[in-house]
Amino acid sequence: MRQGARVITETCTPLLLGACSWQHYQSDFGNAAVQDSQFLTLFTIFLVVCCVMYLLVIGFLFAGILRRRPGEDADVVETGRHHQPNPSMRATLIGWTALIGVGLVALAIASFFADRSMAEAAGNEKLSINVTANQWWWDIQYNSDDPSKTLRTANELHLPVGVPVRIILASNDVIHSFWVPSLAGKQDLIPGRQTDITIVPKKIGIFRGPCAEFCGVQHAHMSLVVDVDSYSDFIKWWDHQLRPAPAPRTPLAMAGYKYVTTGPCSACHNIGGTPASGQVAPDLTHFASRRSIAAGTLPMSEGNLYGWVEDPQSLKPGNRMPTIGLEPDQLHAVVAYLETLK
Amino acid sequence: MTDIRADMFDAMPAHESERERVEAENRRLAAERKKIARDGPKLTGAKLAARLDKTWRRQPGLLGWLATTDHKEIGRRYIVTALGFLVLGGIVALFMRLQLVKPDNAMIGAERYDQLFSMHGSTMMYLFAVPVMEGVGVYFIPLMLGTRSTAFPRLNAFSYFMYLFGGLLLWAAFALNMAPDVGWFEYTPLSGPQYSPGKHTDIWAQMVTYTEVAALSAAVVLVCTILKTRAPGMTLARMPLYAWAMLVEGAMIIFAMPAVALVTTVLLIPDRLVGTQFFNAAEHGDALLFQHMFWFFGHPEVYIIFLPATGFVSMMVETFCRRPVFGHSVVVLALISTGILSFGLWVHHMFATGLPRVGYSFFTSASMSVSIPTGLQIFCWLATMWDGRPRFQVPMLYVVGFIVTFVIGGLTGVMVAAVPLDLQLHDTYFVVAHLHYVLIGGAVFPLLGVLTYWYPKITGRMMSDVLGKISFWLLFGGFQLAFFPMHWSGMLGMPRRVYTYPPGLGLELPNQLSTIGAFIVALALALFIFNGIFSLYRGVVAPSNPWGAATLEWATSSPPPVYNFEHIPVVESSTPLWDSNGELPVASGLRVDEKEMLLTTVVAATPDVREPVPEPSLWPFIAACAVGIVFVCSIFSPWSVPFGLIPCGIALTAWFWPKDMKRQPEPVIS
């Protein structure tokens, strides 16, 4: 009895936890923003109408198959009855056409209204963020009226709950697509064009946004982590991110600092308040405060950091960060330094 | 039949002696004309068959095989080659499904997976779906229309070789690790010179060009055959619905294929090869230009694949319900309006690109309204089944499977036609589910049904009924298991074209189900193909009309003789074999010692002209080789285009060189 209960708990709990966790993290059912809620409502309307239409078709099909017909059918061709017209069927055809027409018009109108209400917040946004896509990471810039408060980070997007935000989308190389399913539909980032999307988050939580347009060999490992916070927590986070990188305190971290700011890392990466000011790779100023490494490829942890810094090509083959071949003590130093960048 | 040349001579002023000479010549020719053997009451039955066979049979051996212009042989080649590509594309898909069966799977790396999904899509869309529809059409349209050959038989042969060479190019590239790896539609700038180095993309672009030239050639052949070579009395109103479907499909190919041939050959390859900047935003080009031009072709393409399948369904429903399809004119109008409307939908593939919203509303409405004609066709088939008593032999099972499956795909299509829904569902597995429901449900199910239906006509034997039923149920069940869960995984946030996905998103179960289903589908198709091969040797021998059908292809033996019909049939209704009470009226008078066919007028199908049919020739094969060499070399150097004009010019000149100029007893229109 106790064994049975244990077995049930051990199988069901992960399933249930799994069910709960995935529903909110990266899915159309996340319902974490005004836009996704409207999607779910419209989808339900479409689903109901389409199911009704489908049942009508299947009903007609099976009625035709199972129908008991008067008289023998075997010689219908031989007796020339195969050309007999069927007037009631003509009337049914007209009714069927009218039904499809009415149904489609209703769906089109519902779609139109949903589209308008999803775009209602556009023009009233309180916050604007520039997201620029690269192969295979996200460059994020939070805009502010005060230029000294403009913040540049990478790969993790923070949003305040309840505040309409306008995300301005651009690409530096190929076409990508910004998509956080729990929050809203997607929008492509196209080189040479500027697109945008307006989101009004409703729920506090962590969400994930995979790139949704095939952009090359590591398309599968290009995800945005989205952190929706209360407004005050969001401002606190922003202010913290504006500070320059903390100075290293331990000798190991100082050695790492020296390597990172004078070695190959600084050619691509920027760490605020240090000589490392490369612009073509993710900003690392507060790298250790993020939840993932390499745009959602790995969860942030010391072990994963070691693996990434040592051999990024084996974890995300083809990405733009080369495997340099660090000596073990260089590796320890670099990781120690990176871990201080909170 | 007036002697045109004699008239011309008569009109010229002449000396007495000149006129006498011309009149003597005319008398000689008239006497020769009387001696020509023609089919008719005096020459019929086995004697006629023997003489026609001698005239129409091609040379045996390899050269004869390469030179054939027999539409049945070319049609068989198309079907067998397309089924081969179906198997290859399917094997690639099985590898994809194995990679996706669990999260963070390391079985196949990113680069190889990218090649796999690109090969799967390209093979299925360019090398299987359209060619198999054209191949079945090339085989059956002349038989269904009651004629001896297609129009332009050498162009027909050329189109097959172009198709074969294009397919071989793509698969040779795959064997050499040079396969395209940026999808079956290869958006710029990812497919441009900067982000796709190497020759992968150029090979894809040229394969597309090959197959578009092949498809265009076959479409021209089919459209001209349908418009001009129908049996006397087969007015457009009496023409079978399958012929209507192929007519609309051919017209659609002619309008749609040039767009993709242009965007790949004239825009993308020069961007990659000679430094044009059509798609480079930094040089005032536009990445979206590629998408517009591609999808202008891409959307009609799926209807090009679907409409012949609706033709198949019409034929099978008619035969197995023993009634003409209800609402014949409604179905014809539905075919035509689907064809026209499908050209106005393409932006629904681009709803996420940030184009003006007002434009999007137009495309939403158009995309939704294209389901109306299809819905009407479905009603007409269901009404026919209601009126008749359907006999559930294997082809009819596929028809029912088609309706149950395709309508789901059509309804998810209505869902993604709405912009707010599409913005969540675009580029996810929901769309993968939708497209497979409409393509497999809407095209492969009818295709397998019609191959079972027409197998006795092609081979003279029936396919095994038991194996047919088992493969149908395996396919139906496996398909639902494989693709229904994809609606779910798409809504759970799984994007397309990912070689792996992280755990903890709830994607494990749908992917596992899809993988199992995919293997069941593969088993079903393997069983179908085994049935096709096994029945060649052990199938029950088939009479000329085993299903009791109404259309003309069943009026000749199974398989048909090389000349199709001993006498050209005359048609008085849309169901000739049901209305003729066993004695089909015929027209006579075609020559038996030269290949000849009867052309009729476009609408009323009154007899018009006797047209000589070209003899088999190696020049289509040689021209295909020459054009092929230009295409392959242009992957590597632009100089192949000007220099390549020389062998192409030679081949085409030899092909079109006019035949015998000596004065004939009858005018030769060549």
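In the text below, chain A, chain B and the rest are named by the order of the sequence lines, each starting its count at 1.
- Comparing B/V330, B/D104, B/T353, B/V400 by heavy-atom pairs within less than 4.5 Å of chain A, the highest count is held by B/T353.
- Taking B/P390, B/A383, B/G410 one by one and counting their heavy-atom pairs under 4.5 Å with chain A, the maximum is reached by B/A383.
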- Kindly determine whether A/H221 and B/Y499 satisfy ring-ring contact (aromatic ring centres under 6.0 Å, His included), including the steps that lead there. CA-CA 9 Å; A/H221 284 144; B/Y499 73 101; 5.5 Å; yes
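- Ring geometry for B/W488 against A/F29 counts as tilted: the plane angle lies between 30° and 60°, on a 0 to 90° scale.
- Across B/P502, B/S196, B/P503, the residue that shares the most heavy-atom pairs under 4.5 angstrom with chain A is B/P502.
- Ring geometry, B/F379 versus A/F60: the interplanar angle falls from 30° to 60°, so the pair is classed tilted.
- Between A/C211 and B/P495 there is no side-chain heavy-atom pair separated by less than 4.5 Å.
- For B/R497, the parts sitting under 4.5 Å from any heavy atom of chain A are the backbone and the side chain alike.
- Remark: aromatic rings of B/Y187 and A/F214 are distant, center separation not under 6.0 Å.
- Counting heavy-atom pairs under 4.5 Å between each of B/T575, B/T384, B/L288 and chain A puts B/L288 at the top.
- Separation of atoms CD1 (A/I65) and CZ (B/F392) is listed at 3.5 Å; rounding is to 0.5 Å.
- Residues of residues 33-42 of chain A that come closer than 4.5 Å to chain B, counting heavy atoms only, are A/D36, A/F39, A/L42, ordered by residue number.
- For A/T92, the parts lying near chain B are the backbone and the side chain together; criterion is any non-hydrogen pair under 4.5 Å.
- Between A/K186 and B/T428, some side-chain heavy-atom pair lies under the 4.5 Å cut-off.
- Contacts of A/I100 with chain B are made by side-chain atoms alone, with heavy-atom separations under 4.5 Å and no backbone atom involved.
- When heavy atoms are compared at a cutoff of 4.5 Å, B/R357 approaches chain A solely by way of its side chain, counted from C-beta outward.
- Of all the listed residues (B/V414, B/I403, B/V419), the one sharing the greatest number of non-hydrogen pairs under 4.5 Å with chain A is B/V414.
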